[in-house]
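I have placed the structure first, in the form of structure tokens, so that the comments after it can refer back to it.
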Amino acid sequence: MDRWHVGFVDLSGKQGLLGQVEGRTAQAVIDWLADREQAWRDAVQYVAIDMCTIFKPAIRRVLPQAPLVVDHFHLVQPANQTLTEVRRRVTVTHRGRRGRKGNREWELRNRLTRPAARMRGEHVDALLDELSNLSRVIGAPITVAWNAKEDLLDLLATARTRPDREHVRDLLHRFYRRCADAGLPELQRLATTVETWWQPGHQDHRPRRLRLPQPRQPALTHPLRDHPSSPWTPRCPPISLSPHPAVVLASGTKLSVPQASAWL
């Protein structure tokens, strides 16, 4: 029995599980999709996946008309992880150990990954003041990484405003420029990830979806328990197809939902 399973989930309807197949391979995806009626496959307009390369050839072969997209979670998560990696690295480098209570950068770790758009202005100012009060070798890199994360969130937020291409271009350039000027390997890696997935495209009428090119590296997936009595833990990576029918092949117990994604 293969410990990897692929789940197909309705994204535009009630978001129920349409099917699950054993094996985490392109052929498993192809076989399941090929068993659907042609009219069903022709109705699929979008395919939402996580950053997993095995799905690309399967979708291109069976659903060539459906563009691949990735939800915002799969970009916000690495942006926050990048910020966390910078914070941890500078702490270990300059304190000689991991962060702990009494180290202000460690105590601010949850506020650092909170979107500034969801914070009151005075709280954002207080956070930046706290960072500026740290020693420069610790506070400066964390501040740059925080700003890069916020630049990316600003870019993703435009999906809900139908911006013109020039505005999107300017925000993207601002993000790339900050990552390039920072000289931090973590930010260079994040910028490379965004560039790899970036695909200039048209604005679609469907809100809350981000269109990006196909991945080069598979994404880290999370366990999906099949049954309490099962002696093994299957893992399930994502695909979503939309509008009707709609499918998600998603990683983790909580699959992609429209509220978690947006078109850019």
Side-chain angles (χ1 to χ4, degrees), residues 1-75 159 193-224 226 234-264:
M1 182 179 291
D2 197 315
R3 66 192 295 264
W4 289 97
H5 277 202
V6 173
F8 299 80
V9 179
D10 181 357
L11 180 62
S12 65
K14 296 182 179 180
Q15 300 170 5
L17 182 67
L18 299 179
Q20 183 168 318
V21 295
E22 184 176 340
R24 187 172 180 260
T25 65
Q27 191 59 49
V29 175
I30 291 172
D31 291 344
W32 189 90
L33 291 173
D35 286 341
R36 307 309 107 191
E37 295 180 356
Q38 185 63 47
W40 190 97
R41 298 199 301 269
D42 291 342
V44 176
Q45 296 187 16
Y46 308 99
V47 180
I49 66 173
D50 64 6
M51 297 180 184
C52 182
T53 55
I54 64 171
F55 298 136
K56 178 182 177 180
I59 298 304
R60 284 290 170 260
R61 177 174 171 181
V62 187
L63 302 171
Q65 83 286 358
L68 283 166
V69 299
V70 61
D71 64 38
H72 282 184
F73 170 80
H74 291 105
L75 285 177
T193 298
V194 172
E195 184 181 23
T196 298
W197 283 79
W198 182 264
Q199 177 178 331
H202 62 277
Q203 290 291 323
D204 188 82
H205 68 282
R206 287 175 57 83
R208 300 184 177 277
R209 269 232 163 296
L210 171 68
R211 183 174 183 178
L212 298 167
Q214 308 325 311
R216 294 179 183 171
Q217 299 296 331
L220 178 65
T221 54
H222 307 285
L224 175 65
D226 188 30
R235 296 176 181 269
C236 178
I239 298 183
S240 341
L241 310 168
S242 166
H244 294 290
V247 180
V248 180
L249 271 73
S251 310
T253 54
K254 205 159 169 95
L255 303 181
S256 300
V257 295
Q259 290 74 15
S261 52
W263 271 106
L264 184 60

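Applying the side-chain hydrogen bond (donor to acceptor under 3.5 Å, both in side chains) test to Glu37 and every residue at least two apart in sequence or in another chain returns nothing. Qualifying side-chain contact (heavy atoms from CB on, under 4.5 Å) partners for Val21, counting only residues two or more places apart in sequence or in other chains: Val6, Phe8, Ala28, Trp32.
Remark: Gln20 CD to Glu22 CD distance equals 9.5 Å, nearest 0.5 Å. Here the CG atom belonging to Leu63 is positioned 10.0 Å from the CD1 atom belonging to Ile30, to the nearest 0.5 angstrom.
Arg60 places a side-chain heavy atom less than 4.5 Å from the side chain of Leu68.
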*Report the C-alpha distance between Val44 and Gln65 in whole Å, list the side-chain angles of each, state the deciding distance to 0.1 Å, and finish with yes or no for side chain to side chain contact (heavy atoms under 4.5 Å, CB included).*
CA-CA 8 Å; Val44 176; Gln65 83 286 358; 4.2 Å; yes
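Between Ile54 and Ala26, the closest heavy-atom pair is O-CB, 3.3 Å. Minimum heavy-atom separation, Ala66 to Ile59: O-CG2, 4.3 Å. A pairwise comparison of heavy atoms in Val62 and Arg41 identifies CG1-CD, 3.5 Å as the closest pair.
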